[in-house]
**Student:** 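Sharing a structure with you now.
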Amino acid sequence: MPTVKYQKGDRVMGRWPGSSLYYEVKVLSFDTKSQLYTVIYKDGTELELKEQDMRSAAGFQARSRSRSRSRSPGRRRSRSRSPARTTRRSSSRTAAVVAAAATETAPSSRRDTKLKDPVEVRLTPLPQTKAAENNTNNKHEKAEENNTANKVNETSEAKIEGEPEKNQGRYNLRRRRDDVDTKTDAAKPEQPEEEEAAAKLAAAPAAALSTPLDFGGKIGAYFWLLFLPAWVLFLILQVNLEDPSLTNFPPPVPLLESFWDAQALGFVILWILFQALLYVLPVGKLSEGMPLRSGERLKYRTNGFFAIAASAVVVAVAVHQGIDLTYIHSNFLQLATATLLISVLLSVYLYVRSQYATPDQLALGGNSGNLMYDFFKGRELNPRIKNFDLKFFCEMRPGLIGWCLINFAMALAEMKQQGLDAPSYAMILVNLFQLLYVVDGLWNEEAILTTMDLMHDGFGFMLAFGDLVWVPFTYTLQAYYLVSHSNPLGPLALAVIIALKLIGFYIFRKSNSEKNNFRRNPSDPKLSHLKTIPTATGKSLLVSGWWGVVRHPNYLGDLIMALAWSLPCGVSHLLPWYYMIYFIILLVHRDSRDMSECRRKYGSAWDEYCRTVRYRIIPRVY
Ligand code: NDP
């Protein structure tokens with residue numbers, strides 16, 4: 001058993017993130033998995049620190065006394081480092097604040113150099129503004145937290161007993177700053193200089209700070225940028241083969257010019273413009289997104305169902321007029337290349353425009369300061385041209401509806417190629433199952449506003465490529481495969497596959513709706529039977545109902561559905577199972593990203609949730 005150096009309640013010196021300054025902190029807990037201590041600073045800021053960024057108070061005083069004799073304060077000042085260096089726009093401001101904070105505790109110059117390594121801390125999110133605090137949902141949540149004698153709340157409240165003020169300040173730096181602002185001027189000089197500076201630093205725009213790097217960090221970004229497009233093209237080349245297999249490596253590579261077709265590019269542009277037109281039509285509801293860090297709530301035109309219905313009518317008319325949609329099957333590679341080009345150009349545009357975004361418009365996760373990483377991960381959270389939300393549009397429209405269009409084209413291609421009067425059962429199932437998934441997503445389009453992509457991820461290559469290329473050109477591989485690999489299904493197989501799909505869909509829809517409804521209206525009487533855990537952000541966490549079974553019941557439903565999508569293709573080849581395999585990897589990784597994000601946001605309340613709901617996706621298994 002590894003020993004834990006500092007115990008709960010110990011008062012030690014903790015390094016302030018990104019600087020060489022140490023402040024007194026109290027140890028709140030230690031997470032054996034991440035090997036991080038959760039500590040609380042005197043101003044109420046709660047952070048996670050590595051052991052190497054902590055010093056025992058006694059040893060620290062002795063060291064800093066000996067160092068302070070040998071170094072001038074001027075030199076020390078120039079060496080302190082702001083975490084905001086990663087952000088061009090805010091670096092000067094925060095650097096000045098930290099410079100002002102350099103005091104007694106500055107370490108030696110040799111150590112300063114060492115400290116330039118990034119400190120792995122997870123900063124608590126910045127505060128909602130008064131506007132956000134006053135929004136209806138929050139009021140409901142606060143009211144809800146006050147009157148839930150039957151809820152798990154007591155557990156957490158007991159924990160914070162004796163420290164009411166500090167816990168109020170947890171994860172809510174601006175409230176504390178407001179408190180400071182309301183103090184009389186006479187009281188201000190009593191606050192030690194470094195504490196005041198630290199408080200100011202903490203109150204700097206959150207986007208000036210970046211969450212830990214993901215996806216393999218900077219090297220990972222290069223890898224994914226090259227690998228993902230290559231992988232899509234590889235899969236498309238494979239599915240064309242009579243015997244698609246990973247062992248066919250390298251696959252037969254066609255001539256370079258066969259990747260390109262100007263007509264295919266024109267077709268893709270036309271499709272995106274058509275979807276954009278449907279998106280901007282003043283049809284359907286205007287839904288409010290979740291409060292941003294600035295407190296603002298963006299409005300989104302949620303008319304996705306109208307968009308797919310209108311698209312279906314247009315496609316039906318086009319087919320009736322004799323347009324041959326099997327063009328999509330025979331020019332799949334060229335269409336994918338053209339869409340890839342568009343996604344790259346879009347990502348470049350997004351990166352360039354993000355340079356003009358204000359710090360609070362940036363996503364915490366794509367703001368590392370490294371060009372390639374930020375280009376990949378996405379810097380700006382909600383890039384908009386007037387009211388046209390680029391991320392929301394790309395997430396929900398061209399790729400998603402395009403997925404159904406491609407599947408339909410594959411069904412026509414199967415009939416043509418195999419001389420059938422109607423598509424095979426396997427093809428019908430794949431088409432209907434995936435159509436149901438997309439139609440459901442568009443019918444409940446508002447629910448996407450509470451998902452990770454919309455709330456946390458910046459819009460960059462990862463999402464632009466994912467939405468426009470990955471989804472329509474790899475999620476359709478099952479239908480593509482069936483065009484030339486028929487797989488007859490008996491009644492029993494049909495029944496089992498349909499049952500699986502329905503079970504998966506039920507879990508997926510119910511759990512997503514439960515969380516979405518709770519986030520939109522925590523005091524919804526229909527949800528009053530559910531137990532919740534309050535968090536210091538003002539939001540609560542569901543701890544019973546679907547979200548009490550596993551931590552991601554929606555992923556479980558999605559995975560069962562993925563199984564039902566692959567089964568119609570049989571087991572002769574791995575390729576149609578690609579979606580299932582990829583989806584397991586995606587959701588396991590997504591789950592761990594979300595765990596880190598929620599732990600950062602909710603701290604000990606999240607730990608409490610994880611203790612209560614032990615399994616992540618599959619009950620008693622994972
Ligand atoms: P979720 O919809 O699960 O959203 C995660 C967020 O929900 C958390 O960050 C947290 O946000 C909130 N949350 C977590 N636990 C609780 C709780 N106990 N009580 C209340 N709120 C909680 O994640 P995704 O965005 O990853 O997935 C959305 C859907 O999309 C899923 O069904 C997924 O399967 C599907 N999906 C499909 C993909 C595909 O390619 N087919 C790809 C990715 C996702 P906060 O607390 O801030 O509200």
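Reckoned from all heavy atoms, side chains included, excluding hydrogens, waters and symmetry mates. For ligands, and for the atoms within them, numbers begin at 1 and follow the listed sequence.
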**Student:** Between Tyr602 and ligand 1, is there a nitrogen or oxygen pair with a distance under 3.5 Å?
**Tutor:**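 Min N/O separation from ligand 1 is below 3.5 Å for Tyr602.
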**Student:** Considering only non-hydrogen protein atoms, determine which one is nearest to atom 13 (N) of ligand 1 and report residue, atom name and distance to 0.1 Å.
**Tutor:**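 The closest one turns out to be Lys515 CD, 3.9 Å.
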**Student:** Among all protein heavy atoms, pick the one closest to atom 10 (C) of ligand 1 and tell me residue, atom and distance.
**Tutor:**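 For atom 10 (C) of ligand 1, the nearest protein heavy atom comes out as Cys598 SG, 3.9 Å.
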**Student:** Without hydrogens or angle criteria, can the side chains of Tyr279 and Tyr300 be said to hold a donor-acceptor pair below 3.5 Å?
**Tutor:**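 No, Tyr300 and Tyr279 have no side-chain donor paired with an acceptor closer than 3.5 Å.
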**Student:** Would you say His552 contacts ligand 1, with heavy atoms under 4.0 Å as the rule?
**Tutor:**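 In this structure, His552 qualifies as a contact of ligand 1 - some heavy atom is under 4.0 Å.
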**Student:** Pairing donors with acceptors under 3.5 angstrom, does anything connect the side chains of Ser368 and Asp374?
**Tutor:**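 Asp374 and Ser368 do have a side-chain donor-acceptor pair below 3.5 Å.
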**Student:** Is it the side chain (CB and beyond), the backbone, both or neither of Asn512 that lies under 4.0 Å from ligand 1, heavy atoms counted?
**Tutor:**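 For Asn512, only side-chain atoms sit under 4.0 Å from ligand 1.
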**Student:** I need the nearest protein heavy-atom contact for atom 21 (N) of ligand 1: residue, atom name and distance, please.
**Tutor:**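 Protein heavy atom with the smallest distance to atom 21 (N) of ligand 1: Arg519 NH2, 3.2 Å.
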**Student:** Is there a donor-acceptor contact under 3.5 Å linking the side chains of Asp594 and Ser596?
**Tutor:**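 Judged by distance alone, the side chains do not pair up.
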**Student:** State yes or no: are the ring centers of Tyr582 and Trp470 separated by less than 6.0 Å?
**Tutor:**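 Between Tyr582 and Trp470, the centre distance is under 6.0 Å.
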**Student:** Considering heavy atoms of the protein only, find what lies nearest to atom 23 (O) of ligand 1 and give residue, atom and distance to 0.1 Å.
**Tutor:**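 For atom 23 (O) of ligand 1, the nearest protein heavy atom is Tyr555 OH, 3.6 Å.
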**Student:** Heavy atom under 4.0 Å from ligand 1: found in Lys601's side chain, backbone, both, or neither?
**Tutor:**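 Near ligand 1, Lys601 shows its side chain, while the N, CA, C and O stay back.
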**Student:** Using distance alone, with no hydrogens and no angle criterion, decide if Thr451 and Asp453 have a side-chain donor and acceptor under 3.5 Å apart.
**Tutor:**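 There is no such pair between these side chains.
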**Student:** Using distance alone, determine whether Tyr475 and ligand 1 share an N or O pair under 3.5 Å.
**Tutor:**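 It does: an N or O of Tyr475 is found under 3.5 Å from an N or O of ligand 1.
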**Student:** Starting from atom 42 (C) of ligand 1, locate the nearest protein heavy atom and write down its residue, its atom name and how far away it is, to 0.1 Å.
**Tutor:**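 Of every protein heavy atom, Leu586 CD2, 3.6 Å lies nearest to atom 42 (C) of ligand 1.
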**Student:** Report the nearest protein non-hydrogen atom to atom 36 (N) of ligand 1: residue, atom name, distance rounded to 0.1 Å.
**Tutor:**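 Scanning the protein heavy atoms, the shortest distance from atom 36 (N) of ligand 1 goes to Asp558 OD2, 3.7 Å.
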**Student:** Side chains of Asn554 and Asp558: do they bring a donor and an acceptor to under 3.5 Å?
**Tutor:**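 No, no side-chain donor-acceptor contact under 3.5 Å.
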**Student:** Check whether any protein heavy atom sits under 4.0 Å from atom 30 (O) of ligand 1.
**Tutor:**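 When distances to the protein are checked, atom 30 (O) of ligand 1 has no heavy atom within 4.0 Å.
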**Student:** Counting heavy atoms only, name the option from Asp467, Asp453, Leu542, Asp594 that's nearest to atom 9 (O) of ligand 1.
**Tutor:**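 Among Asp467, Asp453, Leu542, Asp594, the closest heavy atom to atom 9 (O) of ligand 1 comes from Asp594.
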**Student:** Quick one: does Arg551 get an N or O within less than 3.5 Å of an N or O on ligand 1?
**Tutor:**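 No, no N or O pair falls under 3.5 Å.
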**Student:** Report the nearest protein non-hydrogen atom to atom 3 (O) of ligand 1: residue, atom name, distance rounded to 0.1 Å.
**Tutor:**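 Among all protein heavy atoms, the one nearest atom 3 (O) of ligand 1 is Asn554 ND2, 2.9 Å.
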